[in-house]
Amino acid sequence: MTHRSAASRTVRVDQLARVEGEGALHLDVVDGAVADVRLRIFEPPRFFEAFLRGRAHTEPPDITARICGICPVAYQMSACRAVEDACGVEVDGTAGALRRLLYCGEWIESHTLHVSMLHAPDFMGVPSAIELAELDRPTVERALRLKKAGNTILEVVGGRAIHPVNVKVGGFHRLPRPAELATLVPVLTEALGDAVAVAEWVSGFDFPDVSMDYRFVVADDPGHYPVLGGGFTIDAGSHGPAETFGCDEFPAEVVESQVEHSTALHAHLRSGDGYLVGPLARFAMASERLHPTAAEVARGIGLVAPVDNPFRSVMVRAVEVVHAVAVALEIIDSLAPADLAGPPSIEAPPPGAGTAVGHGITEAPRGLLYHRYSINPEGTITDAVIVPPTSQNQPTIEHDLWHVAEDMLAEFGDDLSDADLQHRCEVAIRNHDPCISCATHFLDMSVERRSSR
Amino acid sequence: VTAGDQTATGDREACLRPLVVGIGNRFRRDDGVAAAVLDALAAPAGTSGAGRTDVDVAELDGEPTRVVDAWAQRQLVVVVDALADPTRRPGDVVTMRAEDATAVAGWAAAVSGHSAGLAEAMRLGEVLDRMPAQLVVVGVVGADFGEGPGLSSAVAGAVEGAAGAVREVVAGQSAGSGSPGVPG
């Protein structure tokens, strides 16, 4: 819908398609230049933080899994690790390996949904995956097959694909049987070929020539491409070497603040700088730890770290899917029947005296996800803080939007239609696969153009 | 019973069993009505539920590819979803065939957890030849889609009626009419 007056023009759309959740974007253009960008996000973790207070310390994995239908494992894993930290226990061995396997399933499913079904239509010049399927059905069939492989991991290890029920503080309710894990091997072997094909396909897209100066933050997961963090690492950009911190230092290094236009808190580094979490951050900070198969694919499609063009994030996600499939096969191969015969979990009793605070950091498909819980000796949660990747990325997404809109206005001036500007902005948002809530409703967008005179 | 991957593995018996898909979010108030209907359908025999073992159920968030995966190759699928329809009263139960999809398109996306909804799932299913043989939608008009668990009183009062509508559709097919029991 377009409203015009002598000095202003406002464009409204009912929804921003292919972004998970709800939100709104307002662009203010004065005298042909961007004057303001406001991305509004309605963020459900705020509700869940309140909902968790007074609950038992065993409940966060099941409750927080409901925050996001697309990345429930991430919420479960960060929740488990934060609670376990407060309880003074650490899950490793078979349960630790299975947690990584479960996470692989989520990366495969979530990334494939975004790469092939939500983001690819932008580069293929079609409105959605439905038209993409009409144009190139085998490509969409391949994506559904690959996504299904991720789902199958969630079903076998997590008990079901949506809101997995097998995860608990201390490990799992039940370990999968060797025969169950074995069923994943042919599925994942086929998926590996599909994942490589998807990476090669997206590398042929036509990407706008954009370069951004990002500061990256990733989970610190020594020896692994980041998934389960024992801490986090902040890239200093051109200002010096990266610094690694413990999970308990997250509240000191990352400052959340309320902004008027969003119910989500904006996250900045202590220095005031915005930063980026997610695939571009992981690839920039840890590409040397990719599975060799994924590293080879990355080289083959010309992907070199760091990637500073956000439009190329679709390539990084595709490489991360190859990585997740290859790692999943490796984990399954490493687990002997005897490993799966042990206890599925360890005890995680509430802290003995006083209130304990636990911190958990893991890498959701969209980036670093931080949980913090205060737990009293009775095992009751007295405080909960959840910092999801999208709220951390929000200031940087706004910065990207500003940059992208300004570039387009400079290039096309008054000839730039609102529809074209809107589309480019939508793509710029989708570059970061924001999960703007996994709740309800849409992203409304408005562009206001006016003259200062 | 959950709707697993029987359809994907070509389990013919599973394909013949009706599938009830509940779409929504238990933490968005009336958007959780479908989950409540599934709970009612699964309640033990002798209570208000039917203790059903003759249908499969799947609670989904509405993401179209998941919906399409769940219902592909099924003979009969009943989708339960919340309606945001200002022309009806909260708690109204509306049963319609997929052919009446224009009515679905208007509301399904409006309360979906995603920017796509049932209408998109139906279009994707058609393009990919992954539609069930028969699709019936049972919608419950909601009043409150804010954050939090629990249904508004009007919608809570409609759960049994919606579950009854699902049973009626399934019984219509089981009776051998070859056509689900949808009011004309």
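Sequence lines set the chain letters: A, B, ... in the order given, protein chains first and strands last, and positions in each chain run from 1.
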Item checked: Geometric class of the B/F27/A/F48 ring pair [parallel <30°, tilted 30-60°, perpendicular >60°] -> tilted
Taking atom [atom1] of [X] and atom [atom2] of [Y], what is their separation to the nearest 0.5 Å?
| X | Y | atom1 | atom2 | value |
| --- | --- | --- | --- | --- |
| B/E63 | A/I70 | CD | CD1 | 5.0 Å |
| A/L113 | B/T65 | CG | OG1 | 5.5 Å |
| B/R26 | A/I63 | CZ | CD1 | 13.0 Å |
| A/H163 | B/D61 | NE2 | CG | 6.0 Å |
| B/L124 | A/L132 | CG | CG | 10.0 Å |

Notebook entry, point to check: Would you call B/E59 and A/R160 a salt bridge, taking side-chain N to carboxylate O under 4.0 Å as the test?
Noted result: no
Checklist line | Cationic N near anionic O, under 4.0 Å, B/R123 to A/E134 | finding: no
Margin query: Is it true that, when you exclude A/R174 itself, more than 12 heavy atoms of the residues, nucleotides or ligands shown sit nearer than 6.0 Å to its CZ?
Written below: yes
Item checked: Residue-level interface, residues 138-146 of chain A with chain B, non-hydrogen cut-off under 4.5 Å -> A/V140, A/E141, A/L144
Note to self: If the condition is side-chain hydrogen bond (donor to acceptor under 3.5 Å, both in side chains), which residues does A/E190 pass it with, not counting sequence neighbours?
What the structure shows: none
Margin query: Is there a side-chain contact between A/K148 and B/R66 in this structure, where contact means two heavy atoms from C-beta onward sitting under 4.5 Å apart?
Written below: no
Check: Taking A/R137 for the side chain and B/L128 for the main chain, is one N or O donor matched with an acceptor at less than 3.5 Å?
Finding: yes
Check: For A/I130, is it the side chain, the backbone, both or neither that has a heavy atom under 4.5 Å from a heavy atom of chain B?
Finding: both
Next item on the list: Identify the heavy atoms of A/F47 and B/G148 that sit nearest to each other, and give their distance.
Entry: CZ-CA, 3.4 Å
